[in-house]
Amino acid sequence: MSHTTRLPLSSGFSSFLLLPLARWVRDGIQALGQELRRREAIRVLGEAEDRMLADIGVTRSAIEAAVLRGRRW
């Protein structure tokens with residue numbers, strides 16, 4: 001018969017280790033979501049016709065820069 005020893009998780013331990021870890025995971029998931037949205041926007045604009053791009057004021061060579069940094073007004 002085996003016994004496992006459980007250490008009590010005090011609030012100090014959870015705030016020291018678990019909360020920063022949870023924030024790190026949350027921030028990573030948010031960053032991944034932002035990157036996926038950027039890639040999708042670049043893909044969609046890359047498939048657009050030149051006339052439509054001209055209507056919104058973006059040249060084909062400036063699609064990535066427009067998505068990443070926006071347009072200058």
Side-chain angles (χ1 to χ4, degrees):
M1 184 172 190
S2 68
H3 284 74
T4 57
T5 305
R6 289 185 171 214
L7 298 174
L9 293 178
S10 66
S11 62
F13 177 79
S14 64
S15 64
F16 177 74
L17 183 62
L18 295 179
L19 292 178
L21 179 62
R23 288 185 191 113
W24 181 77
V25 169
R26 179 200 62 204
D27 293 347
I29 290 170
Q30 288 175 345
L32 178 62
Q34 288 175 345
E35 181 62 23
L36 292 175
R37 285 188 294 276
R38 285 185 200 112
R39 289 181 185 194
E40 176 68 7
I42 291 169
R43 185 190 65 75
V44 168
L45 287 173
E47 293 174 353
E49 295 179 9
D50 289 337
R51 180 174 273 181
M52 187 190 122
L53 292 174
D55 287 347
I56 62 174
V58 177
T59 62
R60 188 160 300 282
S61 62
I63 289 174
E64 190 171 340
V67 170
L68 297 177
R69 294 184 289 278
R71 294 186 306 159
R72 291 185 182 173
W73 290 100

Margin query: Tell me whether the count of non-hydrogen atoms from other residues, nucleotides or ligands lying under 6.0 Å of CZ in Arg26 goes above 12.
Written below: yes

Next item on the list: Determine the minimum heavy-atom distance between Leu17 and Pro20, stating which atoms define it.
Entry: O-CD, 3.5 Å

Next item on the list: State plainly whether the residues Glu40 and Arg37 are in salt-bridge range, i.e. N to O under 4.0 Å.
Entry: no

Checklist line | Atom pair CD/CZ of Glu64 and Arg69 - distance to nearest 0.5 Å | finding: 8.0 Å

Next item on the list: Return yes when atom CD of Glu35 has more than 12 non-hydrogen atoms of other residues, nucleotides or ligands closer than 6.0 Å, and no otherwise.
Entry: yes

Item checked: Check: Ile56 and Leu45 side chains under 4.5 Å, non-hydrogen atoms -> yes

Next item on the list: Look up atom CD in Gln34 and atom CZ in Arg39, then write down how far apart they are to the nearest 0.5 Å.
Entry: 13.0 Å

Notebook entry, point to check: Does one hydrophobic cluster hold both Ile29 and Leu21, with members joined at side-chain heavy-atom distances below 4.5 Å?
Noted result: yes

Note to self: Testing the basics here: between Glu49 and Arg60, what is the closest heavy-atom pair and its distance to 0.1 Å?
What the structure shows: C-NH2, 3.9 Å

Check: Is a side-chain N or O of Arg38 found less than 3.5 angstrom from the main chain of Gly33, in a donor-acceptor match?
Finding: no

Item checked: Heavy-atom side-chain proximity of Thr59 to Leu53 below 4.5 angstrom -> no

